Amino acid sequence: MRKKIVAGNWKMNTTYQEGIDLALEINKLVIEKANKDVIVVVSPPFTHISEVNKVVDNDRVFVAGQNCATETSGAYTGEISAEMLWSAGADFVILGHSERRSYYGETNELLKIKVKKALEFNLTPIYCVGEVLAEREANNHFDVIKEQTEKVLFDLSKDDFEKVVIAYEPVWAIGTGKTASPEQAQEIHKFIRDLLVSKFGEAAKNTSILYGGSCKPSNAKELFANADVDGGLIGGAALNANDFLAIINAF
Ligand code: PEP
């Protein structure tokens, strides 16, 4: 069955104590008020992961890393491995976020390795795809998303593919307050699903495809109402526990 997922990407925000306090607040609201059908994920900075995992109810709130290394271990100063994330309590890892692609030069080739590494250490990758504004304006967005999807995921075994979550995040909508319309989101989500079905068959009908890009309490309902939108990857609004809860309950 296709899972509904709402994942909060905290990015490089919150000091250690602020992060733990936010996790506690989210956890309390989720336990008391959240729709139990929705898988809730929080993605704090690396330094907070272990403690966040300890303070939340591990049946209701799951923890994600925001990135992982291509290598397993060794002389890679500053890197965090998939195994380290897993050993600190993470169940998910966000990979291919547009900020990683644009500021840190992460390519589809590199992300293909990271997705496999995450799967090797039992992390569920939340693999992000999405076009920049110029690509949409040039009507290239389908090609860009096709390439990001095929180059990174098409080499996976069917078993591994079934563990992957995808996030469609139009880059022009991230942190800009500009959201894709429900029709634009559905069009791309269906395009991605059809592409995945062409490669992996029926299994792709169970893949969760999340929308990300200025998703907030006021627009989550109309986005999540679409047939191929299975939840959201949330940036700014995930830093406010009440807004995050409202998005979780928008299904
Ligand atoms: C994100 O960075 O993944 C994101 C969707 O950010 P925002 O919700 O702030 O646009």
Side-chain angles (χ1 to χ4, degrees), residues 2 5 7 9 66-68 70 93-119 124-158 160-215 219 222-224 226-235:
R2 209 186 291 172
I5 302 173
N9 175 11
Q66 298 176 17
N67 181 26
C68 74
T70 51
V93 60
I94 299 170
L95 292 173
H97 190 280
S98 66
E99 287 150 18
R100 299 294 318 172
R101 290 183 190 262
S102 66
Y103 304 151
Y104 303 98
E106 294 200 358
T107 60
N108 290 327
E109 290 68 28
L110 181 106
L111 291 165
K112 176 176 167 178
I113 302 170
K114 290 193 175 190
V115 166
K116 286 197 172 156
K117 198 50 80 179
L119 289 163
T124 298
I126 302 177
Y127 173 59
C128 305
V129 299
E131 79 284 0
V132 300
L133 187 59
E135 289 162 344
R136 180 164 277 265
E137 284 175 348
N139 210 27
N140 274 344
H141 47 302
F142 292 104
D143 288 344
V144 170
I145 290 160
K146 185 169 188 278
E147 191 172 328
Q148 290 171 337
T149 306
E150 288 182 351
K151 284 206 168 147
V152 175
L153 302 180
F154 272 28
D155 206 33
L156 292 176
S157 68
K158 205 166 170 188
D160 273 347
F161 165 72
E162 286 179 1
K163 296 172 193 152
V164 174
V165 171
I166 295 174
Y168 167 57
E169 299 207 305
V171 182
W172 46 271
I174 297 179
T176 58
K178 215 172 162 185
T179 317
S181 69
E183 295 75 24
Q184 285 172 322
Q186 170 58 23
E187 181 183 39
I188 301 292
H189 283 232
K190 183 169 184 329
F191 173 75
I192 295 170
R193 195 176 307 284
D194 289 348
L195 193 61
L196 296 171
V197 168
S198 73
K199 170 71 183 170
F200 295 102
E202 290 295 297
K205 296 202 171 147
N206 290 328
T207 303
S208 296
I209 307 178
L210 317 183
Y211 168 80
S214 298
C215 183
N219 60 24
E222 55 182 15
L223 287 160
F224 296 174
N226 289 287
D228 289 292
V229 179
D230 307 306
L233 179 55
I234 317 299

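Here the structure is a predicted model, which means the values were calculated and not measured.
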Please enumerate all residues that pass ring pair (Phe, Tyr, Trp, His ring centres under 6.0 Å) together with Y168, with sequence neighbours excluded.
H189

Would you mind checking if E106 and R101 are paired as a salt bridge, meaning a charged N to carboxylate O distance below 4.0 Å?
no

Spacing of L195 atom CG and E150 atom CD [to the nearest 0.5 Å]
5.0 Å

Nearest atoms (heavy-atom pairs only) where V144 meets G130:
CG1-O, 4.2 Å

Chi angles and distances behind the side-chain contact (heavy atoms from CB on, under 4.5 Å) call for I126, V93:
CA-CA 6 Å; I126 302 177; V93 60; over 6 Å; no

Residues R193, D230; criterion salt bridge (charged side-chain N to carboxylate O under 4.0 Å, His left out); working and verdict
CA-CA 11 Å; R193 195 176 307 284; D230 307 306; 2.8 Å; yes

Listed once per pair and sorted, the salt bridge (Lys or Arg N to Asp or Glu O under 4.0 Å) pairs that draw on residues 163-182, sequence neighbours left out
D160-K163

Is any side-chain heavy atom of N9 closer than 4.5 Å to one of I94?
yes

Spacing of CD1 belonging to I174 relative to SG belonging to C215, to within rounding of 0.5 Å:
12.0 Å

Does some side-chain heavy atom of V129 sit less than 4.5 Å from a side-chain heavy atom of I188?
no

Report yes or no: does T179 contribute a side-chain atom to a donor-acceptor pair with the main-chain N or O of S214 at less than 3.5 Å?
yes

Any sub-3.5 Å donor-acceptor pair from Y211's side-chain atoms to A180's backbone N or O?
yes

Verify whether one side chain among N108 and Q148 offers a donor that lies under 3.5 Å from an acceptor in the other.
no

With sequence neighbours left out, what residues match K199 under salt bridge (charged side-chain N to carboxylate O under 4.0 Å, His left out)?
none

Counting C-beta onward and ignoring hydrogens, is there a side-chain heavy-atom pair between V229 and I209 closer than 4.5 Å?
no

Sorted by chain and number, sequence neighbours left out, side chain to side chain donor-acceptor pair (under 3.5 Å) with E147 holds for K151

Can you name the residues that form a salt bridge (charged side-chain N to carboxylate O under 4.0 Å, His left out) with E222, not counting sequence neighbours?
none

If only atom types and distance count, is the side chain of K114 paired as donor or acceptor with the main-chain N or O of C68 below 3.5 Å?
yes

Would you say the side-chain atoms of N226 and K190 include a donor-acceptor pair closer than 3.5 Å?
no

Separation of L153 CG from L111 CG (nearest 0.5 Å):
10.0 Å

What distance separates E162 CD from N206 CG, expressed to the nearest 0.5 Å?
7.5 Å

Find out whether V132 and W172 are in side-chain contact, i.e. whether some heavy atom of one side chain is under 4.5 Å from a heavy atom of the other.
no

Side-chain donor/acceptor of Q186 to backbone N/O of E183, under 3.5 Å
no

For a quick test of reading the model, state the closest non-hydrogen atom pair linking F161 to T207 and the distance between them.
CZ-OG1, 3.2 Å

S208 backbone acceptor or donor facing R2 side chain under 3.5 Å:
no

Does any non-hydrogen side-chain atom of L196 lie less than 4.5 Å from one of I166?
yes

Where do L156 and F200 come nearest, in terms of heavy atoms and distance?
O-CE2, 3.5 Å

Residue list, side chain to side chain donor-acceptor pair (under 3.5 Å) with E99, at least two apart or on another chain:
K11

Knowing that exactly one of V165, I234, L223 qualifies, which makes a side-chain contact (heavy atoms from CB on, under 4.5 Å) with L210?
V165

Does the distance from a Lys or Arg side-chain N to an Asp or Glu carboxylate O, for K205 and D228, drop under 4.0 Å?
no

Separation between CZ (R136) and NE2 (H141), nearest 0.5 Å, reads 4.0 Å

